[in-house]
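Here is the structure we will look at.
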Number of protein chains: 2
Amino acid sequence: MAEPEQLASALRLLQGDGCPLRGIFDEATSRWATLIMAALITGPHRFAELRDRLGGISEKMLAQKLKAMVRAGLVARDAKPTVPPQVTYSLTELGASMAGPLTGLFRWFGSHGDELTRAQRAYDAG
Amino acid sequence: MAEPEQLASALRLLQGDGCPLRGIFDEATSRWATLIMAALITGPHRFAELRDRLGGISEKMLAQKLKAMVRAGLVARDAKPTVPPQVTYSLTELGASMAGPLTGLFRWFGSHGDELTRAQRAYDAG
DNA sequence: CAGCATCCGACACGATACTG
DNA sequence: CAGTATCGTGTCGGATGCTG
């Protein structure tokens, strides 16, 4: 197969033999994290903006996921000490570097969405 | 920002206003699905091979996820009517086309894993 | 060997109410 | 506005045992 060794190493790490990356990977590719990343790719956003842009996420989950992503070094939190508080979230350099591969995935879904839904409908029909 | 329109459409779809793609996206990027895709990128595999390669997945989840991925048209199931049964899973053409963007993500994790764990450790220390 | 059925615990997630 | 606290529930996901 001769995959590039970087991929091979990623695969090995993902097999889960107590590797710490596995947890981070699960978190970073979890349901909301990818969508939050997508929302932040276009630039910094405030808490309420993210909540509105995402569609269906609860404030609890949003706060929780954002905290985890800050912890993973993907997202930067910038809180201005004003009243009312004004908190802005943005991608860190690390997060921005992940954005590239991620938008690849998003674009793929954008262009193959029809095939997916058609395949699924065909399967259900058969 | 001027993101390519394909990405914009993907983002719009992902906002979840009753869009059917959202469900498929959640499924395809769910915990095990990405890992199963990764395992299948290197070629067809049998059930037990996948179970062993994945590390930590239960047979129930594997069967369940494989079925969902077959339904989404990402994976092909080839069952030989022998005794004992011999079932091989492989990527469909659609699945293979998703593999590209996906390996991009995997490679990113392969090369930025250290930064992630370091960032997390630094956060926990602070 | 493949994989379905059943049971059950853990926790992901949402709704609501409350605080600085 | 940006969270935190608390509670309730559904789903995720593992362990075990059984079938073709």
Side-chain angles (χ1 to χ4, degrees), chain A residues 14-18 22-37 39-40 43-72 75-90 123, chain B residues 14-18 22-37 39-40 44-72 74-90 123:
Chain A
L14 293 169
Q15 287 181 226
D17 34 21
R22 177 65 161 271
I24 301 180
F25 177 83
D26 285 348
E27 166 59 40
T29 62
S30 73
R31 172 149 192 235
W32 294 115
T34 50
L35 297 174
I36 294 175
M37 288 286 301
L40 286 176
H45 287 286
R46 299 181 51 184
F47 189 88
E49 292 174 344
L50 288 173
R51 170 178 33 90
D52 296 341
R53 272 193 80 174
L54 251 54
I57 193 171
S58 68
E59 300 193 346
K60 175 189 171 183
M61 274 298 110
L62 182 54
Q64 192 170 306
K65 288 295 176 186
L66 281 171
K67 197 188 285 191
M69 292 165 79
V70 169
R71 177 165 179 254
V75 168
R77 196 191 111 114
D78 178 36
K80 292 219 184 326
T82 59
V83 177
Q86 190 152 336
V87 184
T88 309
Y89 293 92
S90 57
Y123 179 95
Chain B
L14 294 169
Q15 286 180 227
D17 34 21
R22 176 67 162 270
I24 300 180
F25 176 83
D26 285 350
E27 167 59 39
T29 63
S30 72
R31 173 146 190 235
W32 294 114
T34 50
L35 296 174
I36 294 174
M37 287 287 300
L40 286 177
H45 287 286
R46 299 181 52 184
F47 188 88
E49 291 173 345
L50 288 172
R51 170 179 33 94
D52 295 341
R53 273 193 79 175
L54 251 54
I57 194 172
S58 69
E59 300 193 345
K60 174 189 173 185
M61 273 298 110
L62 182 54
Q64 192 172 305
K65 289 295 173 185
L66 281 171
K67 194 188 287 189
M69 291 164 80
V70 169
R71 178 166 179 252
L74 294 170
V75 168
R77 195 190 112 113
D78 178 36
K80 294 219 184 322
T82 59
V83 177
Q86 190 153 336
V87 184
T88 308
Y89 293 93
S90 56
Y123 180 94

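Below, each value reflects all heavy atoms present in this structure, side chains not excepted, and no hydrogens, waters or symmetry copies.
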Inset, instruction - Show your reasoning for whether side chain to side chain contact (heavy atoms under 4.5 Å, CB included) applies to B/R22 and A/L35. - result: CA-CA 10 Å; B/R22 176 67 162 270; A/L35 297 174; 3.5 Å; yes
Inset, instruction - Could you check how far CZ of A/R51 sits from P of C/dC13, rounded to whole Å? - result: 18 Å
Inset, instruction - Using a 4.0 Å heavy-atom cut-off across all strands, classify A/R77 as base, sugar-phosphate, or nothing. - result: sugar-phosphate
Legend entry - Protein-nucleotide distance (B/R31, atom CZ; D/dG13, atom P), rounded to Å: 6 Å
Legend entry - Heavy-atom side-chain proximity of A/Y89 to A/V75 below 4.5 angstrom: yes
Inset, instruction - Ignoring backbone atoms, establish whether B/R46 has a side-chain N or O less than 4.0 Å from OP1 or OP2 of C/dA2. - result: yes
Inset, instruction - Just compare D/dG3, C/dA15, D/dG14 and give me whichever is closest to any side-chain atom of A/A63. - result: D/dG3
Inset, instruction - To the nearest Å, give me how far apart CD (A/E27) and P (C/dC11) are. - result: 15 Å
Inset, instruction - Using a cut-off of strictly less than 4.0 Å, decide whether B/K67 has a side-chain nitrogen or oxygen near OP1 or OP2 of C/dC4. - result: yes
Legend entry - For atom CD1 of B/I57 and atom P of D/dG13, their distance in whole Å: 9 Å
Inset, instruction - Could you work out which one of D/dT6, C/dT6, C/dA2 sits closest to the side chain of B/K60? - result: C/dT6
Legend entry - OP1 or OP2 of D/dG3 under 4.0 Å from side-chain N/O of A/Y89: yes
Inset, instruction - Would you mind reading off the distance between B/L54 atom CG and D/dG14 atom C1', rounded to a whole angstrom? - result: 15 Å
Legend entry - Selection from D/dA2, C/dC1, C/dG14 that lies nearest to any side-chain heavy atom of A/V87: D/dA2
Legend entry - A/G56 or B/E49, whichever maps to the more 5' nucleotide of DNA chain C: B/E49
Inset, instruction - Could you tell me the separation between the CD atom of B/E59 and the P atom of C/dC1, rounded to a whole number of Å? - result: 10 Å
Inset, instruction - Nearest whole angstrom, please: distance from the P of D/dG3 to the CZ of A/F47. - result: 6 Å
Legend entry - Distance-minimising heavy-atom pair for B/A39 and B/R53: O-NH1, 3.1 Å
Legend entry - Distance test, side-chain N/O of B/K80 to OP1/OP2 of C/dC1, below 4.0 Å: no
Legend entry - Value in whole Å for how far the P atom of D/dC1 lies from CG of A/L66: 17 Å
Legend entry - Candidates C/dT6, D/dC1, D/dC7 - which lies nearest the side chain of A/P84: D/dC1
Legend entry - B/L54 versus B/W32, closest heavy-atom pair with distance: CD2-CE3, 4.3 Å
Inset, instruction - Tell me, with the steps shown, if B/M37 and B/M69 meet side chain to side chain contact (heavy atoms under 4.5 Å, CB included). - result: CA-CA 9 Å; B/M37 287 287 300; B/M69 291 164 80; 3.6 Å; yes
Legend entry - Minimum-distance nucleotide to A/M61 side chain [options: D/dA2, C/dG14, D/dG14]: C/dG14
